[in-house]
Amino acid sequence: MSKPKIIFFDIDGTLIEKKKSITPKMLETLHALQDNGIMICIASGRPPVQLPKLGVDFDAYLTFNGSYCYNDQDIVFDNPLRQGDVLQMIQNAQKINRPLAVATKTRIAANGVDEDLKEYFAIGGTDLKVAPDFDVVVDQDTVYQIMVGCREKDYDGLVANTQNAKVTAWWDRAADIIPATGSKGVAIEKVLDYYQIPVSEAIAFGDGGNDIEMLKTVGHGVAMGNATDDVKEIADDICGSVQDDGIFTYCKKHNLILVVLVKSF
């Protein structure tokens, strides 16, 4: 494998084990990639306000499953949900007795909390609470993503009668709803165009269903060892699991990093 110019990383289940912190070895791997002249970017379903502090400055951030992408200087891609679709999906969720949470650039607001939605946010370290001003947020703020506890059988109903919305999911008990014109793959195309980097010089690591388009978009898509089967099927390669610092082993094997000296565990 030739040296890439840029690497995109999902967070949960990829950079960090769910509900845990980044390991010292993984953190040093990220720094070593930058030391080797490789750009590193987050590509997550999380909103900006829910990004964890990982101890490294990434070159770019793809949030809301790619609907809002930015770096220290610019907004690279901005693709919110339509307000009419948001209102429709609130009604759709009510029909199946499901609360939901809407996410803006600066906050998350929920109109209720059930066990699935609570656990969904707990994976990312957030204790979700009902927002007393939920209706005001929906009316006045720009919503980029909706999160709702559900099952696959509920997907079509949740986006019924919307003009530009689709479901993407990395967990079988909940889903993210984003613009139909967006995805992590679309966002990566925008970021590569911004930096003038060919697709062939981009790598991505992911583990969940919402990473599939990302792995298919880059020149070389790598599924984690703990990835779901559908992700592994479309990936160009498979590395070790997040529990075993699979990205470190993969980067070392392919000479993407030099020696990583872990100070402590």
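Remember, it's a predicted structure, so these values are computed and weren't measured experimentally.
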Visitor: Could you tell me whether the side chain of Pro99 reaches within less than 4.5 Å of the side chain of Val113, counting heavy atoms only?
Guide: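 No, every pair of side-chain atoms sits at 4.5 Å or beyond.
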Visitor: Just by modelled atom types, is the Lys25 backbone N or O under 3.5 Å from a matching donor or acceptor in the Thr29 side chain?
Guide: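 Such a contact is found between Thr29 side chain and Lys25 backbone.
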Visitor: Side-chain contact, heavy-atom cut-off 4.5 Å: Thr249 with Asp244?
Guide: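 No; the side chains remain at least 4.5 Å from each other.
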Visitor: For Tyr120 and Val148, what are the C-alpha separation, side-chain angles and deciding distance, and is it a side-chain contact (heavy atoms from CB on, under 4.5 Å)?
Guide: CA-CA 9 Å; Tyr120 172 94; Val148 57; over 6 Å; no
Visitor: Applying side-chain contact (heavy atoms from CB on, under 4.5 Å) to Leu256 and Ile203, what does each step give before you reach the verdict?
Guide: CA-CA 11 Å; Leu256 302 184; Ile203 292 178; 4.2 Å; yes
Visitor: Search all heavy atoms of Ala175 against all heavy atoms of Tyr155 and return the closest pair with its distance.
Guide: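 Where Ala175 meets Tyr155 most closely, the heavy atoms are CB-CE2, 4.0 Å.
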Visitor: Can any side-chain N or O of Asn71 pair as donor or acceptor with the backbone N or O of Ala60 at less than 3.5 Å?
Guide: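 Not at all, since once roles are kept as given, no pair shorter than 3.5 Å links the two residues.
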Visitor: For a 4.5 angstrom cut-off between non-hydrogen side-chain atoms, does Ser44 reach Thr63?
Guide: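 Not in contact.
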Visitor: Can you give me the closest heavy-atom contact between Gly240 and Met224, atom names plus distance?
Guide: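 What the structure gives for the nearest pair is O-CE, 3.5 Å.
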Visitor: Are Asp237 and His220 side-chain neighbours, meaning at least one heavy-atom pair lies under 4.5 Å?
Guide: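 Yes, their side chains come closer than 4.5 Å.
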Visitor: Are any of the side-chain heavy atoms of Asn92 and Val159 separated by less than 4.5 Å?
Guide: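 They are not in contact (no side-chain heavy atoms under 4.5 Å apart), so the answer is no.
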Visitor: Are Phe77 and Tyr194 close enough that their ring centers fall under 6.0 Å?
Guide: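 Between Tyr194 and Phe77, which both carry aromatic rings, the centre distance is not below 6.0 Å.
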Visitor: Could you check whether any side-chain N or O of Asp78 sits under 3.5 Å from a backbone N or O of Tyr68, counting only pairs where one atom can act as donor and the other as acceptor?
Guide: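 No; judged by distance alone, with no hydrogens or angles, the pair does not exist.
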Visitor: Just verifying a value: how many Å separate Lys253 NZ and Ile257 CD1, rounded to the nearest 0.5 Å?
Guide: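 Those atoms lie 13.5 Å apart.
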Visitor: Please enumerate all residues that pass side chain to side chain donor-acceptor pair (under 3.5 Å) together with Thr162, with sequence neighbours excluded.
Guide: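 In terms of side chain to side chain donor-acceptor pair (under 3.5 Å), with neighbours along the sequence ignored, Thr162 is linked to no residue.
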Visitor: NE2/His31 to CG/Asp57 distance, rounded to the nearest 0.5 angstrom?
Guide: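 Here the rounded value is 8.0 Å.
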Visitor: Please state whether the rings of Tyr250 and Phe205 are parallel, tilted or perpendicular, taking 30° and 60° as the class boundaries.
Guide: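 Because their plane-to-plane angle is over 60°, the rings of Tyr250 and Phe205 count as perpendicular.
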Visitor: Around atom NZ of Lys129, are there more than 12 heavy atoms from other residues, nucleotides or ligands closer than 6.0 Å?
Guide: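 At most 12 heavy atoms, drawn from other residues, nucleotides or ligands, come within 6.0 Å of this atom.
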Visitor: Could you tell me whether a side-chain N or O of Asp176 sits under 3.5 Å from a main-chain N or O of Met147, the two making a donor and an acceptor?
Guide: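 Between the backbone of Met147 and the side chain of Asp176 there is no qualifying donor-acceptor contact (under 3.5 Å).
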Visitor: For the pair Lys232 and Asp230, find out whether any cationic side-chain nitrogen is under 4.0 Å from an anionic carboxylate oxygen.
Guide: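 Salt bridge flag = no for Asp230 with Lys232.
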Visitor: Identify the two heavy atoms, one from Ala93 and one from Leu100, that lie closest to each other, and give their separation to 0.1 Å.
Guide: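 Looking at all heavy atoms of both residues, the closest pair is CB-CD2, 3.6 Å.
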Visitor: Are any side-chain N or O atoms of Gln83 and backbone N or O atoms of Val138, one a donor and one an acceptor, separated by less than 3.5 Å?
Guide: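 Yes, Gln83 side chain to Val138 backbone: donor-acceptor pair under 3.5 Å.
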Visitor: Does the side chain of Arg107 come within less than 4.5 Å of Val49's, by heavy atoms?
Guide: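 Result no, sub-4.5 Å side-chain heavy-atom pair not found.
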Visitor: Between OG of Ser67 and CG of Asn79, what distance do you get to the nearest 0.5 Å?
Guide: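 Answer rounded to 0.5 Å: 5.0 Å.
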Visitor: Would you check if the side chain of Gln196 reaches a backbone N or O of Asp193 as a donor-acceptor pair within less than 3.5 Å?
Guide: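 Yes; judged by distance alone, with no hydrogens or angles, the pair exists.
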Visitor: Could you check if a side-chain atom of Pro4 sits within less than 4.5 angstrom of a side-chain atom of Ile38, using non-hydrogen atoms only?
Guide: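 Yes, at least one pair of side-chain atoms sits under 4.5 Å.
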Visitor: With Thr168, which residues qualify under side chain to side chain donor-acceptor pair (under 3.5 Å), at least two apart?
Guide: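 Result, side chain to side chain donor-acceptor pair (under 3.5 Å) vs Thr168: none returned.
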Visitor: Evaluate Leu215 against Val222 for side-chain contact (heavy atoms from CB on, under 4.5 Å), listing each step before the verdict.
Guide: CA-CA 7 Å; Leu215 299 187; Val222 184; 5.7 Å; no
Visitor: When hydrophobic residues are tied together by side-chain contacts of less than 4.5 Å, even through go-betweens, does Val218 share a cluster with Ile40?
Guide: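 No; tracing contacts between hydrophobic side chains, which count when under 4.5 Å, never links both residues.
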Visitor: Supply the atom-to-atom distance Gln34 CD to Met39 CE, rounded to the nearest 0.5 angstrom.
Guide: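 Rounded to the nearest 0.5 Å, the CD-CE separation comes to 9.0 Å.
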Visitor: Do Leu62 and Ile75 sit in one hydrophobic cluster, given that two such residues count as connected whenever their side-chain heavy atoms are within less than 4.5 Å of each other, even indirectly?
Guide: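 In one cluster: no.
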Visitor: Would you check if the side chain of Asp207 reaches a backbone N or O of Asn226 as a donor-acceptor pair within less than 3.5 Å?
Guide: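 No: the side chain of Asp207 does not pair with the backbone of Asn226.
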Visitor: Would you mind telling me which of Asp116, Asn111, Asp154 makes a side-chain hydrogen bond (donor to acceptor under 3.5 Å, both in side chains) with Arg98?
Guide: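 Output: one option passes, namely Asp116.
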Visitor: Establish whether Val191 and Val56 are linked, either directly or via other cluster members, by ILVMFWY side-chain heavy-atom contacts under 4.5 Å.
Guide: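 No: no chain of side-chain contacts under 4.5 Å links Val191 to Val56.
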Visitor: Under 3.5 Å, is there a donor-acceptor pair between the side chain of Gln145 and the main chain of Pro47?
Guide: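 No; judged by distance alone, with no hydrogens or angles, the pair does not exist.
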Visitor: Would you say Gln243 has more than 12 foreign heavy atoms packed within less than 6.0 Å of its CD?
Guide: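 For Gln243, atom CD is crowded (more than 12 foreign heavy atoms under 6.0 Å).
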Visitor: Please determine whether residues Leu81 and Val102 belong to a single hydrophobic cluster, defined as Ile, Leu, Val, Met, Phe, Trp and Tyr linked transitively by side-chain heavy-atom distances below 4.5 Å.
Guide: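 Looking at the clustering, Val102 is in the same group as Leu81.
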Visitor: Specify the closest pair of heavy atoms between Ile16 and Ser21, including all atoms of both residues, with the distance to one decimal.
Guide: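 Minimum heavy-atom separation between Ile16 and Ser21: CG2-C, 3.9 Å.
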Visitor: So if you build clusters from Ile, Leu, Val, Met, Phe, Trp, Tyr with side-chain heavy-atom gaps below 4.5 Å, do Val86 and Ile108 land together?
Guide: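 Not linked; separate clusters.
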Visitor: Set out, in order, the CA-CA distance, both residues' side-chain angles and the distance that settles side-chain contact (heavy atoms from CB on, under 4.5 Å) for Asp12 and Val242, then state yes or no.
Guide: CA-CA 9 Å; Asp12 300 291; Val242 64; over 6 Å; no
Visitor: Test your reading of the model: is there a side-chain donor-acceptor pair from Lys216 to the backbone of Ala235, 3.5 Å cut-off?
Guide: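 No; judged by distance alone, with no hydrogens or angles, the pair does not exist.
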Visitor: Which atoms form the tightest heavy-atom contact between Pro52 and Ile11, and what is the distance?
Guide: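 Shortest heavy-atom separation between Pro52 and Ile11 comes out as CD-CD1, 3.8 Å.
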Visitor: Quick check: do Ile197 and Lys5 have side-chain heavy atoms less than 4.5 Å from each other?
Guide: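 Ile197 reaches Lys5 side chain to side chain.
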Visitor: Between Lys184 and Asp211, does any NZ, NE, NH1 or NH2 come within less than 4.0 Å of an OD or OE carboxylate oxygen?
Guide: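 Looking at Asp211 and Lys184, the cut-off is met.
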Visitor: Closest approach of Ala103 and Phe64, non-hydrogen atoms and distance?
Guide: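 Shortest heavy-atom contact: CB-CE2, 3.5 Å.
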Visitor: Would you kindly say whether Asp141 and Thr104 are connected by a side-chain donor-acceptor distance under 3.5 Å?
Guide: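 Thr104 and Asp141 do not have a side-chain donor-acceptor pair below 3.5 Å.
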Visitor: Quick one: pull up CZ in Phe9 and CG in Leu15 and give me the separation to the nearest 0.5 Å.
Guide: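 Here the rounded value is 6.0 Å.
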Visitor: Distance-only, no hydrogens or angles: does the Lys166 side chain make a donor-acceptor pair with backbone N or O of Gly182 under 3.5 Å?
Guide: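 Yes, because the side chain of Lys166 sits within donor-acceptor range (under 3.5 Å) of the backbone of Gly182.
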Visitor: As an exercise, state the distance from CG of Asp72 to CG of Asp59, rounded to the nearest 0.5 Å.
Guide: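 Reported value, rounded in 0.5 Å steps: 8.5 Å.
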Visitor: Before accepting this row, confirm whether a basic side-chain N of the pair Arg46/Asp10 lies closer than 4.0 Å to the acidic partner's carboxylate O.
Guide: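 Looking at Asp10 together with Arg46, the answer is no, because their closest N to O distance does not fall below 4.0 Å.
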Visitor: Going by side chain to side chain contact (heavy atoms under 4.5 Å, CB included), Val167 matches just one of Ile177, Ile146, Asn210. Which one?
Guide: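 Result: among Ile177, Ile146, Asn210, Ile177 is the only option passing the side chain to side chain contact (heavy atoms under 4.5 Å, CB included) with Val167.
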